[in-house]
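Let me begin by presenting the structure, written as structure tokens, before commenting on it.
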Amino acid sequence: MPQTYIKELSKHVGLSVVLKGWVYNSTNKGKLNFIIIRDGTGLCQCVLFKPNVGDEVFQKSLQLTQESSIIITGKVKEEKRSPGGFEVEIEKFEIIQIAEPYPISPKDHGIDFLSENRHLWLRSSRQHAILKIRHELIRSMRDYFDNNGFTLIDGPILTPAACEGTSTLFETEYFDLGKAYLTQSSQLYAEASAMAHGKVYSFGPTFRAEKSKTRRHLTEFWMIEPEVAFADLNDNMDLAEDFLEYIIQRTLKNKKSELEILERNTSFLEKVKKPFPRISYDDAVKILHKKNIPFEWGNDFGGADETIISQAFDRPVLIHRYPSVVKAFYMKRDPENEKLALALDVLAPEGYGEIIGGSQREDDLNLLLKRIEEHKLPMEAFNWYLDLRKYGTVPHSGFGLGLERTVAWVCGLEHIRESSPFPRMIHRITP
RNA sequence: UCCGCAGUAGCUCAAUGGUGGAGCAUUCGGCUGUUAACCGAAGGGUUGUAGGUUCGAGUCCUACCUGCGGAGCCA
């Protein structure tokens with residue numbers, strides 16, 4: 001008989017099925033033994049009644065420890081007393097392995113212990129739900145771009161130089177060619193690709209060797225970066241807005257039960273619909289000043305500042321036209337004010353901070369040369385990038401969205417570490 | 001990197017400078033409806049490491065290690 005997945009049990013009521021999975025928990029009560037099985041698609045309570053299966057089978061079932069692997073044959077019935085509403089009455093079962101005492105019990109554990117056991121922690125229903133939502137977000141992001149004329153063109157992970165600062169790069173030897181660095185962003189490559197394909201996106205891991213230790217930083221995280229030729233700042237904002245609405249609304253619709261497992265209050269997520277508020281950096285500074293926050297014009301917003309700004313709105317807020325001094329060299333200046341860059345950040349609601357950063361890019365060769373000099377960057381590293389402004393330069397724009405921050409926001413996580421299956425942080429490289 | 005906090009049984013935590021305990025997990029026994037079951041019993045310890053103070057240190061002091069919370073920087 002073929003394996004039935006727990007997710008499909010409702011279609012097999014009254015029938016005999018084969019379940020393959022792991023013991024999630026078990027309780028025996030004299031002549032009754034309850035075994036909760038998980039198979040990756042859900043949980044199902046299975047029950048043995050001693051007089052029905054006989055002494056030998058019943059005794060064998062009492063040996064099953066948490067996370068023992070097992071194949072069960074039994075009949076599906078509706079049962080109100082069972083979590084999930086269905087129950088399998090076990091007729092026979094085959095033990096694949098009796099698991100050793102499992103370190104993660106159903107009681108409380110500290111974060112250090114759970115992180116150390118991340119490879120096992122993934123099995124718990126909360127972590128399972130988070131990674132299902134992560135998957136849905138990834139699928140919806142790719143579908144959005146794939147269905148809107150974008151071509152996927154990924155940048156390299158090993159790169160010859162920094163595109164912003166060098167102190168935050170992971171470094172490695174590269175044969176006879178000196179040092180290579182793990183990418184911080186595929187953006188420059190996305191710009192090159194956009195000049196070939198018009199609308200492109202890249203999606204891959206990025207690395208930051210920042211010694212930062214906060215609830216919203218990983219040293220390795222995934223970023224999705226669209227880049228569009230002939231798009232200005234407003235087009236870029238339109239894209240960010242439409243994109244966010246799509247991925248959030250689709251995830252809300254398709255991952256209801258997972259959000260319930262996480263006990264996520266989705267009221268803020270439901271409001272993620274166009275149009276989002278669009279405010280300038282100047283307006284954002286005014287919001288801080290109105291709340292009596294001492295903030296100096298020209299600085300970038302800190303985590304606490306972002307939270308205060310985002311709390312003034314009930315949906316993601318787009319902040320545009322930042323002081324150019326706090327932004328990257330490749331961002332185009334505002335023609336109406338030299339001190340401003342045509343930059344764009346999107347702050348998620350509920351204090352989840354910056355999930356998108358982007359800009360219209362500098363498309364003038366001479367201005368770009370000037371910026372590289374001002375930032376004291378090694379000119380020779382950017383020769384190929386400068387070519388993009390020599391051979392048919394056009395206005396273009398793009399942004400990057402941090403996947404893990406988005407997952408943390410959608411799932412309502414207190415710390416970004418739960419948003420990645422195997423998070424990499426300053427003080428953790430294992431498992 | 002800086003500031004703060006912590007490290008005791010497999011896990012979560014107690015223990016006034018004076019005999020290191022409990023709950024869960026594990027093992028054994030009991031129970032026909034458990035939902036993190038319950039009841040009874042047992043096993044389980046170089047108190048992060050190295051020094052120091054003291055008649056006596058899990059507890060006080062110093063250094064180090066490891067982790068956690070926060071800041072700066074960023075997505």
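Chain naming here is simple, since letters A, B, ... match the order of the sequence lines and numbering starts at 1 in each. Values below: all heavy atoms of this structure, side chains included; hydrogens, waters and symmetry mates excluded.
In this structure, the CZ atom of Phe49(A) is 12 Å from the C1' atom of C31(B), given to the nearest Å. One interatomic measurement links the two molecules: OH of Tyr24(A) to C1' of U34(B), which rounds to 16 Å at whole-angstrom precision. Residue Lys213(A) contributes atom NZ, which lies 13 Å from atom P of C2(B) at whole-angstrom precision. Rounded to a whole Å, the OH atom of Tyr102(A) is 18 Å from the P atom of G10(B). Note: NZ (Lys211(A)) to P (C74(B)) measures 17 Å, nearest angstrom. Atom CD1 in Ile426(A) sits roughly 11 Å away from atom P in C2(B) (whole-Å rounding). As rounded to whole Å, 19 Å separates atom P of C74(B) from atom CD of Glu404(A). Atom NZ of Lys77(A) and atom P of G33(B) are 13 Å apart (whole Å).
In summary, the side chains of Ser185(A) and Glu225(A) do present a donor paired with an acceptor at a separation below 3.5 Å, with no hydrogens or angles considered. Side-chain polar atoms of Asp283(A) and Ser280(A) form a donor-acceptor pair below 3.5 angstrom. Looking only at atom types and distance, the side chain of Thr4(A) has no donor-acceptor partner in the side chain of Glu8(A) under 3.5 Å away. No side-chain donor-acceptor contact under 3.5 Å links Glu191(A) and Tyr330(A).
Separating the C1' atom of A57(B) from that of C39(B) is a span of 40 Å, rounded to the nearest Å. Taking atom C1' on both A25(B) and G58(B), the two are 24 Å apart, rounded to the nearest angstrom. Comparing the P positions of C61(B) and G7(B) gives an interatomic distance of 13 Å, to the nearest angstrom. Rounded to whole Å, the P atom of C64(B) lies 16 Å from the corresponding atom of C5(B). Separation of the P atoms belonging to C55(B) and C2(B) is 38 Å when rounded to the nearest angstrom. When the C1' atom is used for both U19(B) and U53(B), the distance is 23 Å, rounded to whole Å.
Interface remark: the Arg216(A) side chain does not form any donor-acceptor pair with the C73(B) base, using a distance-only criterion of under 3.5 Å. Donor-acceptor pairing under 3.5 Å, judged by distance alone, is present between the side chain of Glu87(A) and the base of G33(B).
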Practice item. Quick one: the dot-bracket string of RNA chain B, using Watson-Crick and G-U wobble pairs with both distances under 3.5 Å, [ ] for crossing pairs and | for bases paired to another strand. Key: (((((((..((((....[..)))).(((((.......))))).....(((((..]....))))))))))))....
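Across the interface with RNA chain B, nearest-nucleotide mapping of Pro51(A) and Gly400(A) shows Pro51(A) to be the residue nearer the 5′ end. Where Glu306(A) and His415(A) meet RNA chain B, the nucleotide closest to each residue was compared, and His415(A) sits on the side nearer the 5' end.
Counting any heavy atom pair closer than 4.0 Å across all strands shown, Glu116(A) reaches no nucleic acid atom. Residue contacts for Thr214(A): at a heavy-atom cut-off of 4.0 Å it reaches a base atom on one of the strands shown. Counting non-hydrogen atoms under 4.0 angstrom, Lys50(A) reaches nothing in the nucleic acid. Looking at heavy-atom distances under 4.0 Å, Gln45(A) makes contact with a base. Among the protein residues, His217(A) comes within range of the nucleic acid bases, having at least one heavy atom under 4.0 Å from a base atom. Within the nucleic acid shown, Asp300(A) comes within 4.0 Å of sugar-phosphate atoms alone, with no base atom in reach, counting heavy atoms only. When heavy atoms are screened at a 4.0 angstrom cut-off, Phe113(A) is found touching the sugar-phosphate backbone but no base atom.
Distance check, rounded to the nearest 0.5 Å: CG of Leu137(A) to CD1 of Ile248(A) gives 6.0 Å. Considering CG of Leu269(A) and SG of Cys411(A), their distance stands at 9.5 Å, rounded to 0.5 Å.
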Distances under 3.5 Å between protein N/O atoms and the N/O atoms of nucleotides 36-40 of chain B, please, pair by pair.
residue : atom : partner  : partner atom : Å
A37(B)  : OP2  : Asn25(A) : ND2          : 2.7
A37(B)  : N6   : Asn28(A) : O            : 3.4

Find every protein N or O atom lying less than 3.5 Å from an N or O atom of nucleotides 27-29 of chain B, and list the pairs.
none

Could you go through nucleotides 44-48 of chain B and list every protein N or O atom that sits under 3.5 Å from one of its N or O atoms, giving the distance for each pair?
none

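With contacts defined as side-chain heavy-atom distances shorter than 4.5 Å, the pair Asp235(A)/Val228(A) does not qualify.
Judged by distance alone, the side chain of Arg208(A) and the main-chain N or O of Leu218(A) form no donor-acceptor pair under 3.5 Å. Checking side-chain atoms of Arg134(A) against main-chain N and O of Ser419(A) turns up a donor-acceptor pair under 3.5 Å.
Residues satisfying the salt bridge (Lys or Arg N to Asp or Glu O under 4.0 Å) criterion with Arg142(A), sequence neighbours excluded, are absent altogether. Phe145(A) pairs by the ring-ring contact (aromatic ring centres under 6.0 Å, His included) definition with Phe150(A), Tyr201(A), Phe243(A), not counting sequence neighbours. Taking the side chain to side chain contact (heavy atoms under 4.5 Å, CB included) definition, one finds that Leu120(A) meets it with Tyr102(A), Pro103(A), Ile104(A), Asn117(A), Arg123(A), sequence neighbours left out. Residues passing the side chain to side chain donor-acceptor pair (under 3.5 Å) test with Ser212(A), sequence neighbours excluded: none. When the side chain to side chain contact (heavy atoms under 4.5 Å, CB included) test is applied to Lys274(A), the partners found at least two apart in sequence or on another chain are Glu241(A), Asp242(A), Glu245(A). Evaluation of the salt bridge (Lys or Arg N to Asp or Glu O under 4.0 Å) rule for Glu350(A) yields Arg264(A) as partners, not counting sequence neighbours.
Aromatic ring centres of Tyr189(A) and Trp384(A): separated by under 6.0 Å.
Of all nucleotides listed (G33(B), G69(B), A75(B)), G69(B) comes nearest to the side chain of Arg417(A). If you check A75(B), U32(B), U34(B) against the side chain of Phe34(A), the one that comes closest is U34(B). In this structure, the nucleotide among C11(B), G72(B), C74(B) sitting nearest to the side chain of Ser212(A) is G72(B).
Contacts with RNA chain B (heavy atom under 4.0 Å) in residues 346-362 of chain A: Glu354(A), Ile355(A), Ile356(A), Gly357(A), listed by number.
A salt bridge (charged side-chain N to carboxylate O under 4.0 Å, His left out) with Asp112(A) is found for one member of Arg417(A), Arg118(A), Arg428(A) and no other, namely Arg428(A).
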Side-chain donor-acceptor distances from residues 81-89 of chain A under 3.5 Å, at least two apart:
residue  : atom : partner  : partner atom : Å
Arg81(A) : NE   : Glu79(A) : OE2          : 2.9
Arg81(A) : NH2  : Glu79(A) : OE1          : 3.4
Ser82(A) : OG   : Phe86(A) : O            : 2.7
Glu87(A) : OE2  : Gln45(A) : NE2          : 2.9
Glu89(A) : OE1  : Lys77(A) : NZ           : 3.3

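Salt-bridge formation is detected for the pair Arg278(A)/Asp238(A): a Lys NZ or Arg NE/NH1/NH2 atom is positioned less than 4.0 Å from an Asp or Glu carboxylate oxygen.
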